[in-house]
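Sequential numbering from 1 along the given sequence is applied to the chain's residues.
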Amino acid sequence: LLSKASKYSDDAKVHRYVETVAKAFTLKLSPYSLEVLRRWPEVDYIEEEHMAYGTQSGQIPWHLGRIDQRSRNLDYFYQPIATGAGVDVYIVDSGINYNHEEFENRAIYAGYDAVDAYMGLVGSDRMQGLDCEGHGTFVASLCGGKTFGSAKGVNLLSLRALDCTGSAP
């Protein structure tokens, strides 16, 4: 589907591709190409890409709006029933920036860093779960950040599995 759809893109390229939760991608399309893709039986849903801004008292980011409702039409409101305080969430990614203000001292080293172990790093050369790429910190903020985290009170434990280029051996 991706290669077939990319032929209809105005600039002949896929801008984003996601396959973790659902298969999705973004393309720059003309109105004609959009209508062609809408008619394909293998396409479930098309929506315009947009940025969502706001706080939880008004419109909120997509990930929070999606958590508490099943309908495809998001209302962009999130009403959590708990903060997750006392729950440990292991972030298996590129690490976490422990000093980021979003985490309010709730982000810590889980005790194992797969990249350190693979590379044989010892002593002060070890990263100890510290993020040097940024993606893990982003994921941790979606999970437990004070502003847009889904569970603002969880403890975030870094289990670094990706190196500073976002890759794993």
How many angstroms lie between atom CG of L27 and atom CG of L37, to the nearest 0.5 angstrom?
7.0 Å
Do you reckon V154 sits in the same ILVMFWY cluster as Y109, going by side-chain contacts under 4.5 Å, direct or chained?
yes
Verify same cluster id: W40, Y32 (apolar side-chain graph, 4.5 Å):
yes
Less than 4.5 Å apart, any side-chain heavy atom of S94 and any of F138?
no
Testing the basics here: between T137 and F103, what is the closest heavy-atom pair and its distance to 0.1 Å?
O-CZ, 3.6 Å
Has R106 got a side-chain atom pairing as donor or acceptor with K152's backbone, closer than 3.5 angstrom?
yes
Looking at every heavy atom in both T165 and E133, which two are closest together, and how far apart are they?
C-CG, 4.0 Å
Cluster check V87, L142: I/L/V/M/F/W/Y, side chain < 4.5 angstrom
yes
Given side chains that start at C-beta, do those of L130 and S158 come closer than 4.5 Å, heavy atoms only?
no
Tell me, please, which residues at least two apart from C143 pass disulfide (SG to SG under 2.5 Å).
none
So which pairs with a foot in residues 84-102 pass salt bridge (charged side-chain N to carboxylate O under 4.0 Å, His left out), sequence neighbours left out?
none
Has Y98 got a side-chain atom pairing as donor or acceptor with D131's backbone, closer than 3.5 angstrom?
no
Residues V139 and I91: closest non-hydrogen pair is CG1-CG2, 4.2 Å
Where S150 and L64 come nearest, the two heavy atoms and their spacing:
CA-CD2, 3.5 Å
Test: D113 and R160 ion pair at under 4.0 Å:
yes
According to a 4.5 Å side-chain heavy-atom criterion applied to Ile, Leu, Val, Met, Phe, Trp and Tyr, with indirect links allowed, do I96 and L159 form part of one hydrophobic cluster?
no
Answer yes or no: is there a side-chain heavy-atom contact under 4.5 Å between S141 and H100?
no
Same apolar cluster: Y90 and L156, side chain cutoff 4.5 Å
no
So which atom in Y112 and which in A117 form the shortest heavy-atom distance, rounded to 0.1 Å?
OH-CB, 3.5 Å
Kindly compute the distance separating CG (L29) from CD (E35), expressed to the nearest 0.5 Å.
10.5 Å
Looking at NZ of K28 and CG of L34, how far apart are the two atoms once the value is rounded to the nearest 0.5 Å?
14.0 Å
Roughly how far apart are Q128 CD and D116 CG, rounded to 0.5 Å?
7.0 Å
Closest approach of A168 and L162, non-hydrogen atoms and distance?
CB-CD2, 3.7 Å
